[in-house]
Amino acid sequence: MSTLAILGTQWGDEGKGKLVDFLAEPAKAVVRFQGGDNAGHTVKIGSEEFKLHLLPSGILRKGKLAIIGNGVIINPKVLINEIDGLAKRGIDCSSLRISDRANLIMPYHVMLDGAEERLKAGKQVGTTGRGIGPCYSDKVARIGIRMCDLIDEKVLKEKLSFIVDLKKRMLRAYDMDEGLDCDSIVREYLEYGNRLREYVTDTAVLLEKLLKKDSKILFEGAQGALLDVDFGTYPYVTSSNTIGGNIATGSGFPPKQIDRILGIAKGYTTRVGAGPFPTELPESESMELAKAGGEFGTTTGRMRRCGWLDLVVVSHSIRLSGIDTLALTKMDVLGKIDKIKICDHYILDGKKTSAFPASLEQLSKCEPVYKSFGSWGELSDSEIEKMKKRGRAALPVEIKKYLEHIEKILRIPVSAIGLGKERDRTVILRNIWPK
Ligand code: IMP
């Protein structure tokens, strides 16, 4: 038993980066398997803060392989900037490995992302504008450019001459100035290929070797289950599968070898971009929570919409991914609020329901039913140290009540709570790595 996956159970931004970094300690490799630079992880180590978009958070720990799997879509320019940025801060990225099958974000993907959004007047998804949807669309339409294409000029030219012509036609249909030049894209991407070549490999073969050696492997999810393209609040979702099933597809790793899945939920809920959000707070209270929690997107800087913890949402995620155990983050932020609420279930057409509806029309009719909890206030360093030493027994009574209620409704244990940005402000309540 040596593999652990960490997945977001809400609409992303649950604080996965910090936990991945924290739990990466015994791992030999940290693997990303979906999403692209729409993701944003902030990890604080000592007084230093790191913001990562594409690199697995494990890159910050010495001696770990940081693997970008085939299911991730890569903007090579962003990746190179990230590598160079870390190098300037003394962090070596030689342990990075990139799948030769990963699809690449091309300049026309970014242009088309913006074009589609603009034309959806009033119905915009509020994408991060990074070309994510158009890139995944091309992957499925079998006109994607993959990492392995960057090492062969002839192949790249041949593929791009057809694709660029196609994209010019599409851009004209959107009334956009195409300004796309096939030769300059080929030159630009061949340069990226030269720069990234040393990291590119068949990462599925690498993972198989690690598995044979019984090395510990940590899979790092991006976004959250409610942004999943099949099971999220469609169409207000991202374009990849963010749930457990995609760990295998997005990294070429056998599903039956995933030993444990840790779900991450914030003690409250946030979402960026448009789309339904049943437990969203009125604007002024949402803003208060956003300010207390520093809820501004790592990728876009947008203020996140805030609301109460929604257990219908979290149990939907547990069901989809087979989540074994939960970590609750940002509990320090929630402690600053006087009266706290949790949504246990919804009322839909006069009936109690704990299922998350597919139809947004049905969802908009769901009324959240809440239970209230008292605040635990701000916790001192010495109180946190005590909790780290003594575990559950040292938790403030109000936190205990909060956790017990969540465990009763969700029927899985809470294994960790996050009480601050720093790596060491994490209290582990039970063993997370499988034995
Ligand atoms: P896209 O992934 O850029 O296509 O954006 C689609 C939706 O997913 C938008 O509502 C984004 O705000 C949201 N989204 C994408 N990535 C993240 C993330 O890492 N955290 C939170 N929301 C995200």
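Counting starts at 1 for both ligands and their atoms, in listed order. Model, not experiment: these values are computed from the prediction.
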> Will you find, in the side chains of Tyr136 and Asn103, an N or O donor that is under 3.5 Å from an N or O acceptor?
Replying inline: no
>> Aromatic contact between Trp11 and Tyr236, with the criterion being ring centroids under 6.0 Å apart: yes or no?
In response: no
> Do the ring centers of Phe253 and Phe219 come within less than 6.0 Å of each other?
Replying inline: yes
> Does the side chain of Ile73 come within less than 4.5 Å of Asp37's, by heavy atoms?
Replying inline: no
>> For the 3.5 Å polar cut-off, considering only N or O atoms, please tell me whether Arg130 and ligand 1 meet it.
In response: no
> Does any N or O atom in Thr238 lie less than 3.5 angstrom from one in ligand 1, N or O only?
Replying inline: yes
> Going by the atom numbers of ligand 1, which of them fall below 4.0 Å from some non-hydrogen atom of Gly273?
Replying inline: 10 (O)
> Do the non-hydrogen side-chain atoms of Thr353 and His345 ever get within less than 4.5 Å of each other?
Replying inline: no
> So which of Gly12, Ala274, Ala39 gets nearest to atom 19 (O) of ligand 1, if we judge by its closest heavy atom?
Replying inline: Ala39
> Who gets closest to atom 20 (N) of ligand 1 by heavy atom: Ile73, Thr128, Asp13?
Replying inline: Asp13
> Side chains of Glu188 and Tyr192: donor-acceptor distance under 3.5 Å anywhere?
Replying inline: yes
> So is Ser239 in contact with ligand 1, going by heavy-atom distances below 4.0 Å?
Replying inline: no
> Do we see a donor-acceptor contact under 3.5 Å between the side chains of Ser95 and Lys64?
Replying inline: no
>> Looking at Arg89 and Glu48, is any side-chain nitrogen of the basic one under 4.0 Å from a carboxylate oxygen of the acidic one?
In response: yes
> Can you tell me if Asn241 and Gln34 form a side-chain donor-acceptor pair at under 3.5 Å?
Replying inline: no
> Going by heavy atoms, is Arg304 under 4.0 Å from ligand 1?
Replying inline: no
> Are any of the heavy atoms in Tyr236 under 4.0 Å away from ligand 1?
Replying inline: no
>> If the contact criterion is a heavy-atom separation under 4.0 Å, does Ala222 count as touching ligand 1?
In response: no
> To which protein heavy atom is atom 6 (C) of ligand 1 closest, and what is the distance rounded to 0.1 Å?
Replying inline: Val237 O, 3.3 Å
> Would you say ligand 1 has an N or O under 3.5 Å from any N or O of Asn38?
Replying inline: yes
>> As a check for students: among Glu116, Glu14, Gln124, Gln223, identify the option with a heavy atom nearest to atom 17 (C) of ligand 1.
In response: Gln223
> Quick one: which ligand 1 atoms are inside 4.0 Å of a heavy atom on Trp11?
Replying inline: 21 (C), 22 (N)
> Just wondering, do Thr270 and Leu289 contact through their side chains at under 4.5 Å, heavy atoms?
Replying inline: no
>> Checking the N or O distance criterion of under 3.5 Å, is ligand 1 in contact with Asp113?
In response: no
> What protein heavy atom is closest to atom 14 (N) of ligand 1, reported as residue, atom name and distance in Å?
Replying inline: Leu227 CD1, 3.8 Å
